[in-house]
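This report refers to the structure that appears directly beneath it.
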Amino acid sequence: MALTLGREDRLPAARPSRFTAGDRAVAYPRRDLFGRHIVDTYFLTLAYDVTHRALAGHGLKEVARHFGLARPDRTYIPGAEIARIAREDPARLERYVRDDARETRALSDLLSPVYFAQAQWLPFGYQDVCLRGNAAKIDALMQRAYLAERRALPRPGSARPFAGGYTDIFLTGLARPVRHADIRSLYPSLMLRERIGPAADDGGVFLSLLDALRTRRLRAKDEMRRAADPAARLFWDAQQSTAKVLINSFYGYLGFEMARWNDFDAAERVTAAGRALLRALVEKIRALGAAPVEIDTDGIYYIPPADGDDAAFESAVRAGLPEGIEIEFDGRYEAMFSYKMKNYALLDEKGEIVLRGAALKSRGLEPFQREFLRDWLELRLRGRDEERRALRETYRRRIAKRTEPIAWLARTETLQDAPATYAARRTAGGRGRNAAYELAQAADREYRAGDRVSYYVAGDRKNVAVYAAARLVSDWNPERRDENVAYYLSKLDELADRLEAVETPPAAPSGQGELSLG
DNA sequence: GCTAGCTGATGCCCG
DNA sequence: AACGGGCATCAGCTAGCG
């Protein structure tokens with residue numbers, strides 16, 4: 001039967017395409033259908049995760065649970081059993097499929113309004129608005145303004161490296177209590193305040209657009225607060241959050257090679273102004289008796305002054321800021337374990353734990369390492385030192401007993417390129433061997449860019465070439481376990497040693513905790 | 001033939 | 001087709017050892 005879903009009963013056209021969101025690139029067959037817009041909630045999920053980073057995974061089931069869209073009585077069927085259930089219990093399979101459809105619908109209702117709002121005023125259709133990046137959108141707005149005034153368009157300048165945000169760590173170990181402050185919309189504020197825009201934009205469109213979007217966002221937030229009707233509130237929320245996403249991309253646009261009005265000097269002036277502002281902020285809070293713990297681009301964690309008068313401290317900090325720059329004191333924590341730059345754990349006042357940083361919560365870590373980190377950091381933050389020191393032995397036994405599911409030890413990696421691209425780069429000599437790609441090449445099925453590969457390391461020696469000893473989790477035989485216990489024990493020990501090595505020497509000068517100077 | 005120690009590429013993360 | 005900065009891991013190499 002022909003899939004005549006287009007207007008005038010037309011058929012879908014397909015062509016190979018790529019979707020990118022952040023560092024992730026996915027190869028997929030793009031469909032275009034006359035008079036229709038096709039939006040994949042999977043891509044909306046990936047784009048959402050770039051900014052929010054709270055999803056455990058990107059599959060429908062886990063995303064639905066994350067957003068609270070899964071009904072308690074939802075039917076679940078593991079992928080491997082679908083064929084069997086289809087034969088033996090088709091009614092159950094139907095319930096499963098209906099639940100999938102229901103959750104997809106609910107996910108769409110949640111994630112798509114922002115894009116629908118964009119389609120109403122950007123020169124792209126709904127489908128394209130969901131697929132294209134923010135630089136392409138800003139470029140389109142710029143071009144529209146230039147063409148309307150019949151002005152010539154510039155050619156993009158060539159790329160060069162430039163310095164980014166200020167990142168530093170002042171204290172490692174356990175700090176308590178801890179506060180967080182953050183400069184509101186740092187880069188957009190600096191661009192507007194210091195009039196930093198592209199040199200090639202003699203029309204001054206860039207900053208006018210930025211200013212207009214900011215005004216538009218503030219209005220939408222007001223409307224949202226005033227709206228009594230939930231549908232209206234959702235509408236205005238989509239309007240304000242789509243403006244926010246674009247506003248935050250203006251700085252990145254300046255430093256983007258393909259952007260028509262790019263300007264690397266201007267991008268560098270923005271980051272330099274940001275660095276200067278944050279350095280001044282560090283000095284200020286020090287002078288007021290607080291101890292900075294770590295800083296990253298536009299926010300700072302610090303131990304507040306011992307007198308306990310947060311309000312006085314905060315208004316003193318505010319008083320020292322330049323015109324047009326606002327600070328938000330947006331976090332209070334019982335304790336913070338400061339590990340390395342961009343890597344820390346927080347215990348908030350409700351008793352919840354938050355982990356940040358590639359070394360502490362990366363999806364690239366094996367589940368046993370993620371679990372160990374979580375347990376270890378929780379005990380560290382809560383001061384349960386005896387249990388913390390015993391933790392390593394518990395995990396060592398679990399590995400040595402060989403009774404955990406293999407997925408607990410396995411690493412899952414995303415293939416950035418197609419295996420053929422990897423092979424070409426290998427023969428060209430530009431790339432070392434990699435376990436995930438080697439397995440993808442040898443596998444029966446065809447792998448594409450964006451696919452995930454789960455593997456574990458087999459053998460019995462601690463030092464092995466991972467690319468040679470790796471086995472696909474799907475080829476694992478529970479009757480003949482061959483995971484490399486020595487290898488995994490050594491990984492666990494190295495991790496535990498790294499964490500325990502973070503010194504907790506005598507009290508800091510202010511006497512507020514066990515800290516070491518970074 | 002082995003290992004420690006380094007470098008560069010890669011993956012994933014922070015803001 | 002937004003940016004730069006940072007950490008961990010691995011492959012691939014070299015120097016040093018027995």
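All values below come from the heavy atoms of this structure, side chains included, with hydrogens, waters and symmetry mates left out. Residue numbering restarts at 1 for every chain, and letters A, B, ... go by the order of the sequence lines.
Within the model, atoms NZ of A/K342 and OG1 of A/T297 stand 5.0 Å from one another, a figure rounded to the nearest 0.5 Å.
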Reading nucleotides 1-12 of chain C from 5' to 3' and marking B where a protein heavy atom lies under 4.0 Å of the base, S where only the sugar-phosphate is that close, and - otherwise, the string is BBSBBBSSSSSS
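Distance A/D168 CG to B/dC14 P: 19 Å, rounded to the nearest Å. Put simply, CZ on A/R461 is 7 Å from P on B/dT3, counting in whole angstrom units. To the nearest angstrom, C1' of B/dC14 lies 5 Å from CZ of A/R53. Between A/I169 atom CD1 and B/dC14 atom P the separation is 14 Å, expressed in whole Å. Going from atom OH of A/Y422 over to atom P of B/dG11 covers 11 Å, rounded to whole Å. One interatomic measurement links the two molecules: NE2 of A/H180 to C1' of B/dC14, which rounds to 11 Å at whole-angstrom precision. One can place CZ of A/R370 at 12 Å from C1' of B/dC12, the figure rounded to the nearest angstrom.
When the side-chain nitrogen and oxygen atoms of A/Y437 are compared with OP1 and OP2 of B/dG11, one or more of them lie within a distance under 4.0 Å. Taking side-chain N and O atoms only, A/T414 has no distance below 4.0 Å to OP1 or OP2 of B/dG11. Proximity of A/Q416 to the phosphate of B/dA9: no side-chain N or O atom is located under 4.0 Å from OP1 or OP2.
Close placement of the A/F250 and A/F206 rings is indicated, their centers lying within 6.0 Å of each other. Aromatic ring centroids of A/F264 and A/F256 lie 6.0 Å or more apart. In summary, the aromatic rings of A/Y488 and A/Y456 are positioned with their centroids too far apart to meet the 6.0 Å limit.
Ring orientation note: the planes of A/F313 and A/Y302 are tilted relative to one another, at an angle of 30° to 60°. Classified by interplanar angle (parallel below 30°, tilted 30° to 60°, perpendicular above 60°), the ring pair A/W408/A/Y395 is parallel.
No side-chain heavy atom of A/Y467 sits under 4.5 Å from any side-chain heavy atom of A/L439.
Looking at heavy-atom distances under 4.0 Å, A/Y344 makes contact with sugar-phosphate atoms alone, never a base.
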Pairs: protein N or O with nucleotides 4-8 of chain B N or O, under 3.5 Å:
none

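In this structure, A/R374 fails the cation-pi test against A/F372, since its NZ or CZ atom is not both closer than 6.0 Å to the six-membered ring centre and inside 45 degrees of the ring normal.
Side chains of A/Y187 and A/N248: no donor on one and acceptor on the other come within 3.5 Å.
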